[in-house]
Amino acid sequence: MSKKTFYVTTPIYYPSSKLHIGHALTTTMADTMARYKKMLGYDTFFLTGSDEHGQKIEKTAQAAGMSPLAYTNGIVDSFQTLWKKLDIGYTDFIRTTEPRHYETVSKIFQTIYDKGDIYKSEYEGYYCTPCETFFTERQLDEGHCPDCGRPVEVVKEESYFFKMSKYAAELTVYIEDHPHFIQPETRRNEMLSFLKQGLEDLCVSRTTFDWGIPVPIDDQHVIYVWFDALTNYLTALDYLHEGEKYQKYWKHGDEILHLVGKDIVRFHTIIWPIILMAAGVRLPDRVFAHGWLLLDGGKMSKSRGNVVDPLALIEKYGSDAIRYFLLREMPYGEDGFYSEEALVLRTNTDLANDYGNLLSRTTSMLDKFCAGVIPGKSLEDEVDQEFSQMAILLKKNYVLHMDQLQFGKALQEVWKLIARGNKYIEESAPWALAKDATKTNKLHTVLYNLAETLRVATIYISPFMPATPAKVFSQLGLVDAAWQGWDAVDFGASIGGTRILRGEPVFPRIDVKEALKMGEKPILEENEIQESEEGINLIGIEDFFQADLRVASIVKAEKVQGTDKLMKLSVDVGGEPRTIVAGIALHYTEDELEAKKIIIVANLKPAKLRGIESQGMLLAASSSDKKQMRLLTVDADIASGSKVG
RNA sequence: GGCGGUGUAGCUCAGAUGGUUAGAGCAUACGGCUCAUACCCGUAGUGUCACAGGUUCAAUUCCUGUCACCGCUACCA
């Protein structure tokens, strides 16, 4: 019999800025779920990725004088670094800029178009000309552009539309017939009431920017947002060729689960199912919306400067502690609160005092009273039996809560067993038993039960905290994988005779005052410039030398037609002519630039900007408000092509 | 504006088809223990269960109203 399958996804994140701890929440949930299902023996596929198209990326990259792809490459790297540090074990990482995705999106679009569910019409929206952006009525700030505050105008644009209206009734029936499709319940109700108002057709293409997947039947248009972004869930499974992964995890899969934040529920529970219906593809089983991780009562946002940098946090407290905090503290489907103090408190009480200390006192007693060997169980009275009974109940509740994504409750169940262990020590006072030769049997039973409690609890904990189990099992001497898996989760295994290896505390107690002293300035990411000044991300000299910096002299400068910021520079690098496109036209005129000696990155991957290939990047300093920008140059003449470094 | 939700111990929250003393964890106080990471164990509290009416023998639990907060109310990636 083949294994049951489980497919879990996170949203693909938008790389216009760095990830914060809120993103880490969704991804940690997905990872924990994937590890849990894997532990239970499911054939599991876990997908995360990045959503790299759109006007915002196009503009940001342009402002940085980079191609969109070059720009997102760097950010995607930072995503992957974070996931690695958080022990996120995804099966695949999808980028919407990959060829496989282009082809998949085109295929779906074409399929639905051929079916007659996509048609050409006119999109009417509020347009801010200086910002080159469309807004909806809701987004407007008292009738003005929310970005620049200037008045907007109503503009019509030719667009392709997706006939969502056609499927509204069918979707409503589906949601009603599948009570667990949208969770939690309140979100489901919101979506049903949204559907009750009827659906409008959805605008799925744009002509105002280019950075996206072209509409297959009309290259004047690029596919807009949701058709592109949501389809990633199928791309990664090779829906394109209806390949093996697609057959196994999607078409005939046992469970498909999308984890999302509450802000994008509608897209996943209305638009996405309808795309699938139109394309004749099976719908996912569950879309779970979690709440936001709020910071001391306020929403985390870049502009408020209170974005928590997860990397710094991991560095300081370790990834398992962060994961534990996130999963333990977030109430089901609702917003939770983060503060460094709460994190430290949680880590100390649950991980250090209860769990870590139980290991510490158990291994210490095994060393002192049993010569470092876990004894066999040699007696069993009522108290001892309580453990096996608790463990049975724990298993039942744990599975129940995990399947409902009630991570906090599942953990609380595990901690009941841990707490029982600590209480049991007090009740049976092994140090007293050890002094009485007639009570050796009891002593051995007590210590066996404690070791067994730790072993079992650690199995339950392992999907939440991937790094910890190895340490604990090693201290308990239970290095054989046979003791560590779900098959061995029942209390009462024959671990007697195992030699333990007491070690350092797995979760040292954190001095709250000490930790928060830096907490006068908690771990917050002020902005990227400051961060680099403070040198938080230290790099080695070899990293630096990866960039080939050269002196170049500008031969000719000309503004790129139809842009505000771009300047096309013809430069000479030690006799080699090159073209560089840079976003400096607001700060320099053509004349000012000519004959200047500048510093360029000579080994940057070429990128096309406005159709012009830019073969490198120049270095310039800009003030934090971007109003000032000055080129790097040399303070006296030196030959072009000279190496910098 | 419309629809929906929430308001319970200092904090985070559980709970009751209405029925004698309303719960858990954390924090606090006191006591105990010494195997342990100043840890663990025990004990002790404190609550007009948002406010005002109503139904009922009986409401914090049901109903109505008020106040406060929150979510949804389509093109944000």
Side-chain angles (χ1 to χ4, degrees), chain A residues 11-17 50-57 96 123 125 133-139 146 159 161-162 164 184-206 212 224-230 232 262-267 270-271 289 291-292 328-329 331-337 342 345-346 348-369 408-409 412 415-416 419 421-434 443 446-447 450 502 504-511:
Chain A
I12 45 176
Y13 304 113
Y14 200 63
S16 69
S17 61
S50 55
D51 176 14
E52 305 182 26
H53 292 128
Q55 190 169 29
K56 209 160 158 184
I57 293 288
T96 55
Y123 172 76
T133 312
F134 274 96
F135 297 102
T136 61
E137 195 166 357
R138 265 183 77 216
Q139 289 172 282
S159 275
F161 281 78
F162 175 41
M164 293 229 299
E185 188 99 19
T186 54
R187 300 294 160 202
R188 178 172 181 264
N189 294 338
E190 283 173 8
M191 290 308 109
L192 280 170
S193 96
F194 178 79
L195 275 164
K196 225 173 256 170
Q197 305 163 39
L199 292 182
E200 286 168 23
D201 291 345
L202 179 76
C203 167
V204 294
S205 79
R206 282 293 157 92
Y224 188 54
V225 192
W226 297 108
F227 250 77
D228 177 355
L230 292 162
N232 89 85
K262 63 182 185 182
D263 48 333
I264 50 174
V265 183
R266 200 178 65 232
F267 308 113
I270 310 277
I271 299 179
W292 279 321
R328 173 61 230 268
E329 207 87 346
Y332 178 77
E334 290 181 69
D335 294 348
F337 297 94
L345 201 66
R346 194 94 248 172
N348 274 347
T349 53
D350 294 359
L351 299 180
N353 296 353
D354 292 346
Y355 179 65
N357 191 36
L358 180 62
L359 174 70
S360 182
R361 54 203 309 215
T362 299
T363 50
S364 163
M365 287 190 287
L366 281 165
D367 269 347
K368 283 187 180 157
F369 307 142
K409 286 190 176 174
Q412 284 179 57
W415 254 258
K416 279 186 196 167
N422 277 317
K423 188 174 168 180
Y424 178 64
I425 296 179
E426 210 64 31
E427 285 170 349
S428 45
W431 50 91
L433 297 173
L443 175 67
V446 169
L447 288 175
L450 289 172
R502 184 165 155 74
E504 291 298 303
V506 285
F507 289 105
R509 239 183 108 75
I510 301 159
D511 185 322

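We name chains A, B, ... by the order of the sequence lines, and we start the count at 1 in each one.
Residue A:Asn189 places no side-chain N or O under 4.0 Å from the OP1 or OP2 atom of B:G4. When the side-chain nitrogen and oxygen atoms of A:Lys368 are compared with OP1 and OP2 of B:A36, one or more of them lie within a distance under 4.0 Å. Residue A:Arg266 has no polar side-chain atom (N or O) positioned under 4.0 Å from OP1 or OP2 of B:G71. For the OP1/OP2 pair of B:G42 and a distance below 4.0 Å, the side-chain nitrogens and oxygens of A:Lys423 include at least one atom meeting the criterion.
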Read 5' to 3' with Watson-Crick or G-U pairs under 3.5 Å, [ ] for crossing pairs and | for partners on another strand, RNA chain B gives (((((((..((((.....[...)))).(((((.......))))).....(((((..]....))))))))))))....

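Looking only at side-chain heavy atoms (C-beta outward), A:Tyr13 and A:Pro11 come within less than 4.5 Å of each other.
Whole-Å rounding puts the A:Leu351 CG to B:C26 P distance at 14 Å. One atom, OH of A:Tyr355, and another, P of B:U37, lie 17 Å apart when rounded to the nearest Å. Between the CG atom of A:Leu195 and the P atom of B:G2 there is a distance of 22 Å, given to the nearest Å. In this structure, A:Phe369 places its CZ atom 6 Å from P of B:C35, rounding to the nearest Å. When rounded to the nearest whole Å, the span between CD1 of A:Ile270 and P of B:C75 equals 14 Å. Between A:Ile264 atom CD1 and B:G71 atom P there is a gap of 17 Å when expressed in whole angstrom units. A straight line from NZ of A:Lys262 to C1' of B:C70 spans 8 Å, rounded to a whole angstrom. One interatomic measurement links the two molecules: CG of A:Leu202 to C1' of B:C75, which rounds to 6 Å at whole-angstrom precision.
Nucleotides B:A50 and B:A59, compared at atom C1', are 16 Å apart to the nearest Å. When the P atom is compared between B:C69 and B:C30, the two are found 40 Å apart, to the nearest whole Å. Rounded to whole Å, the P atom of B:C35 lies 45 Å from the corresponding atom of B:U8. Here the separation of B:G7 from B:A14, taken at their C1' atoms, is 15 Å to the nearest Å. The separation of B:G19 from B:U61, taken at their C1' atoms, amounts to 11 Å, rounded to a whole angstrom. Rounded to whole Å, the P atom of B:U60 lies 13 Å from the corresponding atom of B:U48. When the P atom is compared between B:U64 and B:C3, the two are found 13 Å apart, to the nearest whole Å. As rounded to the nearest Å, B:C41 and B:U17 have C1' atoms that lie 39 Å from one another.
Across B:U37, B:G71, B:C40, the shortest atom-to-atom separation from the side chain of A:Arg187 is found for B:G71. Checking B:C35, B:A27, B:U37 against the side-chain heavy atoms of A:Met365 singles out B:C35 as nearest. If you check B:C76, B:C35, B:U37 against the side chain of A:Ser360, the one that comes closest is B:U37. Counting only heavy atoms from C-beta on, A:Arg361 has its side chain closest to B:C35 among B:C35, B:A27, B:C76.
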Sort me out a list of protein N/O and nucleotides 22-25 of chain B N/O pairs below 3.5 Å, or just none if empty.
none

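Counting any heavy atom pair closer than 4.0 Å across all strands shown, A:Phe267 reaches a base atom. Among the protein residues, A:Asp201 comes within range of the nucleic acid bases, having at least one heavy atom under 4.0 Å from a base atom. Contacts of A:Leu345 with the nucleic acid, taken as non-hydrogen atoms under 4.0 Å apart, involve only primed sugar atoms and P, OP1 or OP2. In this structure, A:Asn348 reaches neither bases nor backbone, as no heavy-atom distance under 4.0 Å exists between it and the strands shown. Residue A:Pro505 is in base contact, counting any heavy-atom pair closer than 4.0 Å across all strands shown. Counting any heavy atom pair closer than 4.0 Å across all strands shown, A:Gly54 reaches no nucleic acid atom. Residue contacts for A:Gly198: at a heavy-atom cut-off of 4.0 Å it reaches a base atom on one of the strands shown.
Salt bridge absent: A:Glu426 and A:Lys423 never bring a charged side-chain N and a carboxylate O closer than 4.0 Å.
The CG atom of A:Leu195 sits 3.5 Å away from atom CD1 of A:Ile270, with the distance rounded to the nearest 0.5 Å.
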